[in-house]
2 protein chains.
Amino acid sequence: MPRAVESEQSSQKLEIILRHAAQVFADKGYEGASIRDISRSSRVSLSGLYYYVKSKQEILYLIQLSTFRTILARLQAALRGVRDPSERLRILVHNHLAYFLEHPTEMKVLAHEDDALEGAYRQEVAEIKRKYYGIAVEIFEALQPAGQARGLNSRVAVLSLFGMMNWIHTWHRPQRDPQAEALSEAMSRMFLHGVMNERSPVARRPLPNTRARETRAARIAV
Amino acid sequence: MPRAVESEQSSQKLEIILRHAAQVFADKGYEGASIRDISRSSRVSLSGLYYYVKSKQEILYLIQLSTFRTILARLQAALRGVRDPSERLRILVHNHLAYFLEHPTEMKVLAHEDDALEGAYRQEVAEIKRKYYGIAVEIFEALQPAGQARGLNSRVAVLSLFGMMNWIHTWHRPQRDPQAEALSEAMSRMFLHGVMNERSPVARRPLPNTRARETRAARIAV
DNA sequence: TGATCTTTCGAACGAACGTTCGACCAATTC
DNA sequence: GAATTGGTCGAACGTTCGTTCGAAAGATCA
């Protein structure tokens, strides 16, 4: 019989399986990875896996769902009480990148296996993704009434930002590249003010001295 | 016997095969696609494919190699004679995005199947990629002596730019989203000057009137 | 017409795939 | 101590995979 209501032990073992599965999917891709790979790496027999999980698709679904739920919940918590649009954007970027660097395997699976799910699984994940995206659009558009944002297509701007952030799974090496703090500061700054040195950057928060120079974290060594 | 020196006809048929293969890889991913899928869609028998091609890996290799070579050659041609760093960056972005939107299937295969190649195939493609990346870094760093670029990690800045651009394969819908001109103008502008409205944008070229407003193409409807 | 070379393909190879089944073991309940 | 329950797994299922092989059909030139 398949697992019906999970005991403490049981759901703990499911988590182990999902953790190893995420690693395997990240290494070989969803299609390139086999259930046997997951069985070997998690030390659960091939048939034993099916006590915890209905199918290979469900494994991917469970990984994506829980990862996305966590990152969304963290974002909502971090945003609570913050009103300034620029600051909210910085929080979004930091939350996204910090989670990315803490859980690189799960996030790679999220970013790279976007098309692999089908049917109801796909739709359920898409729903969370829409919500996450919607928050980003709201934040972006709130930059405008303040008379700050250029006349830019929100969709293009926000998806470009996600592109910057999600692409890091292809290049970021923890030893070599900046960590979450510096990286999110750099990307927020690039997104908000660009790479060029027009006059002076806007200060992080409205300060007496509007011409404050950039923070240390943003000035990454070349 | 496998094809040795290709005749006119023969290499033409190889191109047909590669075009269909790119479509199949783009739809199902490299691992998810089968040689039989490619056989079916290109109307060449399963064994017939192996007259033109040594292996499934070689198919992917040939697609990636020729796509990358073309985009690199076009970039070098478009850059010839242009000295202004900002303008060179705009050319790079436009070249990349224009090719992306003209050949979405090949570019999706390039962006998405980055890890799929192995051994010598992988290295040969990596070499071109390094060259392409190197040009981008050069352009970016040339923004600095002019006293224009912020103290930003080149690697982070350039790879963020590639992230913006390459990510479009996940979201761009030709009917709905801006075309190459408007899109590259928007992304160049975002990268160079950001999304916020600090004072005034810098003019495209050094003009008498440094405070010229943005061009029409950049003001995309929301 | 016959010889040679290029191109095509049906049939089969062994290996690997996702999934299922029924037997089994250990612990808990009566 | 018999029955029940939660967890485990070896063996096998039918299918699909990438690749090979040898025969044969078409083209080219003697």
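Convention: sequence-line order gives letters A, B, ...; per-chain numbering from 1. Quantities reported herein were computed from a predicted structural model and do not represent experimental measurements.
One can place OH of A/Tyr52 at 12 Å from C1' of D/dC9, the figure rounded to the nearest angstrom. Spacing between atom NZ of B/Lys56 and atom C1' of D/dG18 amounts to 8 Å, rounded to whole angstrom units. One interatomic measurement links the two molecules: OH of A/Tyr51 to C1' of C/dT19, which rounds to 18 Å at whole-angstrom precision. One interatomic measurement links the two molecules: CG of A/Leu49 to C1' of C/dT20, which rounds to 14 Å at whole-angstrom precision. Rounded to an integer number of Å, the gap from CG of A/Leu60 to P of C/dG18 is 13 Å. A/Glu58 places its CD atom 14 Å from the C1' atom of C/dT19, with the value rounded to the nearest Å.
For B/Lys13, a side-chain nitrogen or oxygen approaches OP1 or OP2 of C/dT8 to under 4.0 Å.
Residues passing the salt bridge (charged side-chain N to carboxylate O under 4.0 Å, His left out) test with B/Arg40, sequence neighbours excluded: B/Asp37. Contacts of B/Tyr99 classified as ring pair (Phe, Tyr, Trp, His ring centres under 6.0 Å), with partners at least two apart in sequence or in another chain: B/His103. In this structure, the ring pair (Phe, Tyr, Trp, His ring centres under 6.0 Å) partners of B/Tyr30, at least two apart in sequence or on a different chain, are B/Phe25.
Residue pairs meeting the side-chain hydrogen bond (donor to acceptor under 3.5 Å, both in side chains) criterion with at least one member in residues 61-73 of chain B, sequence neighbours excluded: B/Tyr61-B/Glu124.
With rounding to the nearest 0.5 angstrom, the CG atom of B/Leu161 is 8.5 Å from the NE2 atom of B/His96.
For A/His94 and A/Phe100, the ring centers sit 6.0 Å or farther from each other.
A residue-by-residue look at B/Leu46 and B/Arg43 shows that B/Arg43 has its nearest nucleotide of DNA chain C further toward the 5' end.
The nucleotide whose nearest atom lies closest to any side-chain atom of B/Tyr50 is, among D/dT19, C/dT8, C/dT19, D/dT19. Among the nucleotides C/dG10, D/dC9, C/dT6, the one closest to the side chain of A/Ser45 is D/dC9.
Taken residue by residue, residues 15-38 of chain A places heavy atoms nearer than 4.0 Å to DNA chain C at A/Ala33, A/Ser34, A/Ile35, A/Arg36.
With no hydrogens or angles considered, a side-chain donor-acceptor pair links B/Glu141 and B/Ser154 at under 3.5 Å.
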Enumerate the protein-to-nucleotides 21-26 of chain C contacts in which both atoms are nitrogen or oxygen and the separation is below 3.5 Å.
none

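Below 30°, between 30° and 60°, or above 60°: for B/Tyr132 and B/Phe68 the angle between ring planes is above 60°, a perpendicular geometry.
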Next on the checklist: Walk me through whether A/Arg122 and A/Asp114 qualify under salt bridge (charged side-chain N to carboxylate O under 4.0 Å, His left out).
Outcome noted: CA-CA 9 Å; A/Arg122 185 188 188 85; A/Asp114 191 30; over 6 Å; no

